[in-house]
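Shown next, in structure tokens, is the structure this report addresses.
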Amino acid sequence: MNTKKILATLALGALSLGAMKVNAQQENFFRAIGTPHKPKVEIAWNRYYSAEGLWDWMKKIAAAHPGLAKVESIGKSVEGRDILTITITDFSAGKDTDKPAMWIDGNIHSNEVQGGEFSLYLAWYLTEMHADNEFIKQLLKDKTFYITPTINPDARNNFFREPNTASSPRSGMLVLDNDGDGEAGEDRMDDLDGDGHITLMIRKSPTGRYIKDPLDPRKLIQVGPDQVGVYEMIGQEGIDNDGDGVVNDDGIGYYDPNRDWGWNWQPDYIQRGALRYPFTLPENRSVMEFVMKHPNIAAAQSFHNSGGMILRGPGAEEDVNTYNREDIRIYDAIGNVGEEIIPGYRYIVVYKDLYSVFGGELDWFYGNRGIFTYSNELMVSYLYFHKNEGRGNQDEQLKVDQLLTFGDAFVNWKEYEHPQFGTVEIGGFKKTFGRAHPGFLLEQDAHRNAAFTIFHGYHTPKLSVMNVREEDLGGGVKAVTATIFNERMIPTHASQDLKYAIERPDYVTISGAKVLAGFVVEDEDMKKFKEQKSSPEKIAVENIPGMGAVKVRWIVSSASDYSITVDSAKGGKASWKK
């Protein structure tokens with residue numbers, strides 16, 4: 001056998017061996033229902049990512065699925081970082097702006113981190129499932145999703161990379177004078193034990209009110225009213241750097257980015273956390289400008305933490321008349337399904353069931369733009385043991401750390417010589433526990449919240465032209481009547497939209513016929529028609545209700561071959577051809 005034949009035989013053998021190895025690998029794992037089997041982008045969903053980490057995954061998703069995803073910067077943060085948005089749709093089926101769209105964001109409050117991962121999960125799931133799932137394939141033909149995993153990238157990174165509690169920083173990275181002493185940011189958090197977490201300080205005291213639980217020394221127990229304890233609570237880990245008698249009282253910002261939106265905004269003396277005027281913050285302003293440029297956005301979802309809530313507006317009782325009964329019916333229909341999709345979560349109204357909020361994001365989206373919007377408070381203690389113990393239950397959290405995270409969630413008490421308080425002990429729960437999901441719960445809750453968001457996005461308008469009928473009126477003149485049907489729950493115009501004429505009407509146009517007159521059919525049985533005398537070939541329709549229809553009618557001549565098109569800002573496009 002000559003050399004060429006030997007090499008060819010060896011190469012063929014190597015290829016066969018490689019194929020056998022691939023087949024063997026394929027036989028070692030099998031497709032789980034509802035999950036991408038062999039994703040082009042492999043993301044671990046049991047961990048958290050910095051802003052740059054989220055952006056890196058977004059770019060990888062777009063590179064792996066160029067026909068379904070693209071990434072763009074919609075603005076800059078306070079510290080000059082990009083606010084990156086990934087657009088998900090089937091671009092081969094039309095431009096993103098020609099389809100009904102949904103806006104999704106997370107992490108407006110910088111400590112509420114998992115909104116970033118949950119938003120990213122949605123982008124990943126839609127693109128990876130597209131090839132194998134007919135529902136997702138049709139969804140992306142019909143709809144667009146604009147996803148911004150973090151709209152507070154500066155402080156997201158601060159939460160992870162700097163010492164913080166589970167509740168800090170809530171704001172962005174503007175440095176303000178929080179304690180009113182004329183200096184800004186001079187008493188920030190001090191990580192005395194260097195572990196990256198701001199926990200608690202206690203010290204022994206002859207007048208203390210606490211003891212350590214003999215059965216669990218992590219836990220402090222308050223003694224009875226007639227007893228003396230061993231420890232007193234000093235408060236947050238840190239030092240009084242500015243000598244005003246308070247520890248850690250002038251750190252990053254006191255403001256609240258979710259009190260900065262231009263609907264029912266109130267100044268700081270009424271709404272704590274508001275800044276100088278609506279949209280003071282460049283991050284929120286970037287979102288506002290993007291939404292204003294995309295009138296096709298008909299639905300929105302914002303991810304926060306925690307407490308397991310699906311929230312709708314109004315944020316304040318003063319705004320209760322903004323939400324009319326018809327729109328509330330749609331909110332309730334979607335929200336009630338959300339409770340089924342995400343066990344342990346409750347569908348509630350902000351002002352009535354939580355607290356009053358002025359200048360909040362979900363109210364701006366609905367009040368200013370007529371966009372049906374929810375805000376989900378991610379993570380609920382029900383996920384631990386399927387019991388409703390409630391947020392921040394210390395006994396349950398200690399049990400979780402004992403049985404599920406094996407001591408990884410708690411910093412055990414350790415002595416420290418404090419320059420102001422003497423010998424103290426530092427310890428407590430880590431910043432990434434309690435409000436944030438433990439790793440083993442992240443993917444399941446991300447999927448359930450993504451499923452709720454997909455359900456919401458699915459019910460943005462879908463229009464079709466149906467039941468086109470001709471009536472011969474004699475003399476070569478015909479009446480053409482068409483029904484425009486909305487196959488989903490959300491109308492093309494919310495009641496708030498109609499009240500303030502926020503968005504243009506929907507247009508129904510007949511082409512290829514000489515139009516003599518055009519009408520909106522108000523009651524076909526009773527022969528009630530409302531004539532549009534100007535440009536009768538292009539009928540302006542005020543609204544196409546959810547799961548409802550409107551009819552239009554033209555009187556035409558020379559109509560042997562014609563087509564009908566619908567053009568709606570929030571409802572997309574539809575057409576019919578004879």
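Remember, it's a predicted structure, so these values are computed and weren't measured experimentally.
In this structure, Trp45 has its ring center closer than 6.0 angstrom to the ring center of Trp124. Between His304 and His109, the ring center distance clears the sub-6.0 Å criterion. In this structure, Tyr366 has its ring center at least 6.0 angstrom away from the ring center of Trp263. Two rings, from Trp265 and Phe358, have their centers 6.0 Å or more apart.
A donor-acceptor pair under 3.5 Å is formed between the side chain of Ser286 and the backbone N or O of Pro282. Remark: the backbone N or O of Gly360 is not paired with any side-chain donor or acceptor of Asn258 at under 3.5 angstrom.
Side-chain polar atoms of Asp105 and Thr148 form no donor-acceptor pair below 3.5 angstrom. Residues Ser375 and Ser302 bring no donor and acceptor atom of their side chains to less than 3.5 Å of each other. Checking Asn284 against Asp260 by side-chain atom types alone, a donor-acceptor pair falls below 3.5 Å. Under the 3.5 Å distance criterion, with hydrogens and angles disregarded, a donor-acceptor pair is assigned to the side chains of Asn248 and Gln236. Under the 3.5 Å distance criterion, with hydrogens and angles disregarded, a donor-acceptor pair is assigned to the side chains of Gln114 and Asn305. Of the N and O atoms on the side chains of Gln301 and Asn376, at least one donor lies less than 3.5 Å from an acceptor on the other residue. In the model, Tyr374 has no side-chain atom that pairs as donor or acceptor with a side-chain atom of His456 under 3.5 Å. In this structure, a donor-acceptor pair under 3.5 Å is present between the side chains of His65 and Glu128. A side-chain donor-acceptor contact under 3.5 Å links Arg312 and Tyr347.
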Checklist entry - Under the salt bridge (charged side-chain N to carboxylate O under 4.0 Å, His left out) criterion, do Arg218 and Asp213 qualify, and how do the steps go? => result CA-CA 7 Å; Arg218 299 173 299 170; Asp213 187 338; over 6 Å; no
Next on the checklist: Walk me through whether Ser77 and Asp154 qualify under side-chain hydrogen bond (donor to acceptor under 3.5 Å, both in side chains).
Outcome noted: CA-CA 7 Å; Ser77 68; Asp154 300 342; 2.8 Å; yes
Next on the checklist: side chain to side chain contact (heavy atoms under 4.5 Å, CB included) for Phe303 and Asn449? Distances and angles first, verdict last.
Outcome noted: CA-CA 9 Å; Phe303 289 125; Asn449 276 271; 3.9 Å; yes
Next on the checklist: Please evaluate residues Glu112 and Arg435 with respect to the criterion salt bridge (charged side-chain N to carboxylate O under 4.0 Å, His left out), reporting the C-alpha separation (whole Å), side-chain torsions for both, the decisive distance (0.1 Å), and the verdict.
Outcome noted: CA-CA 7 Å; Glu112 300 181 2; Arg435 297 179 70 103; 3.1 Å; yes
Item to check | Pair Thr199-Glu237, side-chain hydrogen bond (donor to acceptor under 3.5 Å, both in side chains): steps then yes or no | outcome: CA-CA 5 Å; Thr199 53; Glu237 175 186 357; 3.2 Å; yes
Next on the checklist: Assess the residue pair Tyr351 and Asp363 against the criterion (side-chain hydrogen bond (donor to acceptor under 3.5 Å, both in side chains)); give the C-alpha distance rounded to whole Å, side-chain angles, the decisive distance to 0.1 Å, and a yes or no.
Outcome noted: CA-CA 11 Å; Tyr351 88 89; Asp363 280 325; over 6 Å; no
Next on the checklist: Run the side chain to side chain contact (heavy atoms under 4.5 Å, CB included) test on Phe452 and Tyr345 for me, step by step, so that the C-alpha distance in whole Å, both residues' side-chain angles and the decisive distance to 0.1 Å come before the verdict.
Outcome noted: CA-CA 11 Å; Phe452 170 67; Tyr345 282 54; over 6 Å; no
Item to check | Verdict with reasoning, Asp268 to Leu275, per side chain to side chain contact (heavy atoms under 4.5 Å, CB included) | outcome: CA-CA 6 Å; Asp268 185 71; Leu275 284 166; over 6 Å; no
Next on the checklist: The test is side chain to side chain contact (heavy atoms under 4.5 Å, CB included); show your working for Trp413 and Val424 and say whether it passes.
Outcome noted: CA-CA 9 Å; Trp413 300 106; Val424 301; over 6 Å; no
Item to check | side-chain hydrogen bond (donor to acceptor under 3.5 Å, both in side chains) assessment of Thr165 paired with Ser167 | outcome: CA-CA 5 Å; Thr165 71; Ser167 299; 4.7 Å; no
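For the atom pair CZ (Phe159) and CG (Asn157), the distance works out to 12.0 Å, reported to the nearest 0.5 Å. Going from atom CE of Met189 over to atom CG of Asn164 covers 5.5 Å, rounded to the nearest 0.5 Å. Of the inter-residue distances, the one linking Leu54 atom CG with Leu84 atom CG reads 9.5 Å to the nearest 0.5 angstrom. The distance from atom CD1 of Ile74 to atom CD of Glu283, rounded to the nearest 0.5 Å, is 10.5 Å.
Counted within 6.0 Å of CD on Glu317, heavy atoms from surrounding residues, nucleotides or ligands total 12 or fewer; the atom is thus considered open.
Below 30°, between 30° and 60°, or above 60°: for Tyr49 and Trp57 the angle between ring planes is above 60°, a perpendicular geometry. Between Tyr331 and Phe372, the ring planes are tilted. Angles from 30° to 60° get that label. By the 30° and 60° cut-offs, the orientation of the rings of Tyr416 relative to His418 is perpendicular. Ring planes of Phe433 and Tyr384: parallel class, angle under 30° (limits at 30 and 60°). Classification of the Phe118-His437 ring pair by plane angle, with boundaries at 30° and 60°, yields tilted.
Using a cutoff of 4.0 Å between basic side-chain nitrogens and carboxylate oxygens, Asp256 and Arg272 are not scored as salt-bridged. Between Asp193 and Lys414 there is no salt bridge, since no side-chain N of the basic residue sits under 4.0 Å from a carboxylate O of the acidic one. A salt bridge does not link Lys430 with Asp195: none of the charged nitrogens is closer than 4.0 Å to a carboxylate oxygen. For Glu232 and Arg203, the salt-bridge test passes: some basic side-chain N is under 4.0 Å from an acidic carboxylate O.
Of the residues Glu79, Glu117, Glu52, the one that meets the salt bridge (charged side-chain N to carboxylate O under 4.0 Å, His left out) test with Arg156 is Glu117.
Partners of Asp353 by salt bridge (charged side-chain N to carboxylate O under 4.0 Å, His left out), not counting sequence neighbours: none found.
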